[in-house]
Amino acid sequence: MSLFQGLQFLTTVNDLKTLPHEGVEVAFAGRSNAGKSSAINTLANITRLAYVSKTPGRTQHINYFDFGNERRLVDLPGYGYAEVPERIRKHWQGLLAQYLSHRDNLIGLVLIMDSRRPLTDLDRNMLSWFRPTGKPIHCILTKSDKLNNQEKALVLRKVKAEFADDAMITVQLFSSLKKQGVDEVEQVVGSWFTAALELRNELDPTSGEANS
Ligand SMILES: Nc1nc2c(ncn2[C@@H]2O[C@H](COP(=O)(O)OP(=O)(O)OP(=O)(O)O)[C@@H](O)[C@H]2O)c(=O)[nH]1
Ligand SMILES: [Mg+2]
């Protein structure tokens, strides 16, 4: 069975103090309405695993999903939604900064961006908090079904060029609508988990059963 096919909802948390202690996790971050929840549903091949809404700013919690073997996916609250009151926006910004820069369980960041407007200032904030950790980042340019082939090639080239000097950052196009790009996400995220679990087994050979 492919990695995402076994994905199940685990829990919802509202602050950093209640994050699970165990497991390794990959976080999905992105502007509100960029298509995070849709991407998670498409990857898992389940229509209503993560909540998709036409109203931006819907995901205002940290949702945990489980792949099995203590591997988790974290759906972070979308940022940049203007209708959210300033005080709440500040709160989540601070929380995201803390989470991305200090969370030990986190092994990689999937940054979801609308392929029509990637790398906004807020996306760059996320990158600036996470890049110092040295952990890998995979940029997913969503809603690629809205672009023609030439536009797709152009945006892919543009975003790749931004990070040409950083081997820890990879980029791909994705469409939840057309289910395009699923294999590539699987391959990248799968390789992160494999590397993390191998490292854990090297450090603690008694944890080997978690890698079966
Ligand atoms: N055409 C097209 N529309 C998409 C795609 N992915 C998401 N959408 C639409 O974009 C809107 C937002 O999608 P969500 O998945 O809820 O976005 P989100 O990033 O989870 O948003 P928040 O929860 O507010 O942070 C919905 O109307 C989706 O149907 C895609 O690949 N193609
Ligand atoms: Mg969402």
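Bear in mind the structure is a predicted one, so any value in this text is a computation, not a measurement. We're numbering straight along the sequence, starting at 1. Counting starts at 1 for both ligands and their atoms, following the listed order. Both backbone and side-chain heavy atoms feed into the values below; hydrogens, waters and symmetry mates do not.
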*Ignoring angles and geometry beyond distance, decide whether S144 reaches within less than 3.5 Å of ligand 1 through its nitrogen or oxygen atoms.*
no
*Looking only at heavy atoms, is any part of N33 under 4.0 Å from ligand 1, and if so is it the side chain, the backbone, or both, or is it neither?*
both
*Check each of K36, K179, K178, H61 against atom 25 (O) of ligand 1 and report the one with the nearest heavy atom.*
K36
_Looking at the Mg ion (ligand 2), is there an N, O or S atom belonging to S37 that lies under 2.8 Å away from it?_
yes
*Electrostatic pair R72-E22, nearest N-O below 4.0 angstrom*: yes
*Is the shortest side-chain N to carboxylate O distance from K178 to D145 below 4.0 Å?*
no
_When you compare the side chains of D123 and T120, does any donor N or O come within less than 3.5 Å of an acceptor on the partner?_
yes
*Where's the contact between K146 and ligand 1, heavy-atom distance under 4.0 Å: side chain, backbone, both or neither?*
side chain
*Mind checking the NZ-OG spacing from K36 to S32? Nearest 0.5 Å is all I need.*
5.5 Å
_Sole candidate of V24, V110, L197, L109 that passes side chain to side chain contact (heavy atoms under 4.5 Å, CB included) when paired with W192_ = V110
*Less than 4.0 Å between a side-chain N and a carboxylate O, is that true for R131 and D166?*
yes
*In plain terms, say whether K158 and E162 are close enough for a salt bridge, that is, a side-chain N and a carboxylate O under 4.0 Å apart.*
no
*List every atom of ligand 1 that sits less than 4.0 Å from any heavy atom of S175, numbering the atoms from 1 in the order shown and giving each element.*
31 (O)
*Proximal ligand 1 atoms for G78, defined as those under 4.0 Å from one of its heavy atoms*: 25 (O)
*asked:* Out of all atoms in ligand 1, which are within 4.0 Å of some heavy atom of D145? Include the element for each.
replied: 1 (N), 2 (C), 30 (C), 31 (O), 32 (N)
*Quick one: which ligand 1 atoms are inside 4.0 Å of a heavy atom on R31?*
19 (O)
*asked:* I want to know if ligand 1 touches G35 in the polar sense, i.e. an N/O pair below 3.5 angstrom.
replied: yes
*Please say whether T142 places an N or O atom under 3.5 Å from an N or O atom belonging to ligand 1.*
no
*Run the numbers for me: atoms of ligand 1, each under 4.0 Å from some heavy atom of S38, listed by number.*
6 (N), 7 (C), 13 (O), 14 (P), 15 (O), 28 (C)
*What's the spacing between T170 OG1 and Q172 CD if we round to 0.5 Å?*
8.0 Å
